[in-house]
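Just below is one structure, and these are the notes that go with it.
First the proteins, then the strands, lettered A, B, ... as listed; each starts at 1. Only this structure's heavy atoms are used, side chains among them; waters, hydrogens and symmetry mates stay out.
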There are 2 protein chains.
Amino acid sequence: MTAEKKSAKAKAEPLDRNRIAQVALTLIDEQGIDQLSMRKLGGMLGVEAMALYHHFRNKAELLDGILDIILVDVAARLTPDGTPLERVRRTFDALRTIAIEHPHAFLSMVSRRFRTQVALKFYEQLLLLFHQAGLSPEQSGRYYRLMANFTVGAGVAEVGSRARQPDATPIILENFYSPEEFPRITEVMPFLRVSEIDQIYCSGMDILFTALKGELTQAVKRDALS
Amino acid sequence: MTAEKKSAKAKAEPLDRNRIAQVALTLIDEQGIDQLSMRKLGGMLGVEAMALYHHFRNKAELLDGILDIILVDVAARLTPDGTPLERVRRTFDALRTIAIEHPHAFLSMVSRRFRTQVALKFYEQLLLLFHQAGLSPEQSGRYYRLMANFTVGAGVAEVGSRARQPDATPIILENFYSPEEFPRITEVMPFLRVSEIDQIYCSGMDILFTALKGELTQAVKRDALS
DNA sequence: ACCTGAACACCGTTCAAGT
DNA sequence: ACCTGAACACCGTTCAAGT
């Protein structure tokens with residue numbers, strides 16, 4: 001009986017941080033973040049929950065491990081071609097896809113500070129691109145934050161519409177929604193469909209990049225004069 | 001003994017949704033979101049946990065109630081003076097202060113869809129301002145989303161630096177951080193201090209509003225020609 | 001070194017019962 | 001209508017013990 005259970009769950013190789021975090025991510029993707037428990041995760045790995053504590057000090061550290069997996073995945077998709085600014089743009093676009101591919105995980109990842117080597121390395125690489133594009137440290141910091149804010153916000157919004165939320169107030173829009181009560185919402189809703197969201201995100205990034213390039217050419221002009 | 005406990009917790013008036021949500025918010029502010037439990041909340045109200053289920057169907061609905069409180073609070077701070085666009089700007093600025101005043105609550109609020117009457121009313125009012133500023137429904141939707149994305153992202157970033165996180169990977173920056181390993185991060189860090197964040201947020205909103213006004217004057221010119 | 005078992009101190013929620 | 005008590009099916013984490 002015990003042997004049967006173990007074989008069914010595939011426990012051949014020994015555990016390691018990466019495999020645990022990987023399985024945890026699938027669990028989150030399939031069942032939502034609050035369905036991730038050390039006990040259930042252990043079950044999926046054919047192991048007692050307590051075995052996991054040999055690889056992660058606690059659940060929070062496991063979440064850091066999941067963030068690492070995602071960042072490595074994002075980094076792997078990035079190609080080194082194009083100008084530095086094009087690469088910056090592609091990096092943020094790739095980060096945004098996390099929200100779409102892992103909606104349940106995204107929310108808990110987004111507020112985590114970069115604490116691991118992997119995360120810091122990712123951050124360093126991204127800032128290097130800003131540097132290569134000719135931005136000063138001050139400009140790099142500012143535009144990194146602006147773009148990160150915007151991308152994170154877009155991701156969060158996307159999560160809201162994609163990930164099923166635990167049933168809260170059952171006053172779902174469709175139930176009680178009267179167009180005459182909320183005329184502006186009614187008017188705007190067609191333009192905020194999931195199908196439009198991507199284009200809106202792009203337009204926002206366009207605005208930020210235009211501003212950035214404006215600052216860069218100004219600097220070039222100043223240099224030419226002096 | 002039981003009487004002592006009750007009197008200590010002030011249970012004079014009967015419960016109502018608003019008071020429960022209010023106390024829940026203070027609990028979150030003081031102890032963090034994952035310290036909010038129905039049992040503990042009941043304790044603070046001098047009541048058994050199960051009594052709360054008479055006012056909220058479940059914990060998720062309680063969170064909706066907290067969001068309502070916050071939105072009412074934000075709305076109360078807004079004055080009706082100035083141009084519609086100025087009022088839009090002040091609305092987002094006020095929303096941002098939530099992240100600063102309720103960092104622990106912010107994260108769980110930000111991904112909640114607007115399901116309650118209160119939240120929809122707030123949304124309607126905000127979209128009305130866009131309308132009054134002369135934006136088309138498409139423009140209203142787009143700029144609402146752009147500004148909301150940006151503000152939410154800024155809030156999330158702020159939460160990351162303000163709200164204490166459960167101890168995860170103990171590789172805190174200071175511990176292992178070697179400037180030569182992460183030169184770009186080192187360079188940029190001084191410009192991303194908490195004291196600078198506010199200014200960066202403002203610069204981002206400035207960029208968005210400049211773009212918005214650009215679209216508006218273009219439309220005016222088109223109208224004049226035709 | 002890596003995993004188990006039992007235990008501790010908690011959860012959200014249901015349900016029948018009290019007033 | 002509003003609250004209680006007991007119960008169910010869970011949690012994260014500690015700690016001593018096994019191999």
Taking only the side-chain heavy atoms of [X] (C-beta and beyond), determine which of [options] contains the nearest atom.
| X | options | result |
| --- | --- | --- |
| B:M50 | C:dT14, C:dA1, C:dG5 | C:dT14 |
| A:K40 | D:dC11, D:dA6, C:dG12 | D:dC11 |
| B:S37 | C:dG12, D:dC3, C:dT13 | C:dG12 |
| A:R39 | C:dC8, D:dA1, C:dC3 | C:dC8 |
| B:E48 | D:dG5, D:dT13, C:dT13 | D:dG5 |
| B:H54 | D:dT13, C:dG12, D:dA1 | D:dA1 |
| A:M38 | D:dG12, C:dC3, D:dC3 | D:dG12 |

Provide, to the nearest angstrom, the distance between the [atom1] atom belonging to [X] and the [atom2] atom belonging to [N].
| X | N | atom1 | atom2 | answer |
| --- | --- | --- | --- | --- |
| A:D34 | C:dT13 | CG | P | 10 Å |
| A:F56 | C:dA1 | CZ | P | 18 Å |
| B:I33 | C:dC11 | CD1 | C1' | 14 Å |
| A:L45 | C:dT4 | CG | C1' | 15 Å |
| A:Q31 | D:dC11 | CD | P | 10 Å |
| A:K59 | D:dT13 | NZ | P | 8 Å |
| B:D16 | D:dA1 | CG | P | 17 Å |
| A:I20 | C:dC2 | CD1 | P | 11 Å |

Taking [Y]'s backbone N and O only, do any of them form a donor-acceptor pair with [X]'s side chain (distance below 3.5 Å, no angle check)?
| X | Y | answer |
| --- | --- | --- |
| B:R17 | B:H55 | yes |
| B:Q35 | B:L27 | no |
| A:R145 | B:Y201 | no |
| B:E138 | A:F191 | no |

If you measure from CG on A:L78 to OG1 on A:T91, what distance do you get to the nearest 0.5 Å? 4.5 Å
Between the side chains of A:K121 and A:E124, is the shortest nitrogen-to-carboxylate-oxygen separation below 4.0 Å, so that they form an ion pair? no
Centroid-centroid distance, A:Y144 to A:Y123, less than 6.0 Å: yes
Represent DNA chain C in dot-bracket notation, 5' to 3'. Only Watson-Crick or G-U wobble pairs with both distances under 3.5 Å count; pseudoknot-style crossings use [ ] and interstrand partners use |. ||.|||||...|||||.||
In whole angstrom, give me the gap between the C1' atoms of C:dA7 and D:dC11. 14 Å
For C:dC3 and A:H55 - does any side-chain N or O of the residue sit under 4.0 Å from the phosphate oxygens OP1/OP2? yes
Heavy atoms only, 4.0 Å cut-off, all strands: where does A:L36 land among base, sugar-phosphate and nothing? sugar-phosphate
Taking the side chain as every heavy atom from C-beta outward, state whether A:I28 and A:H102 have any atom pair closer than 4.5 Å. no
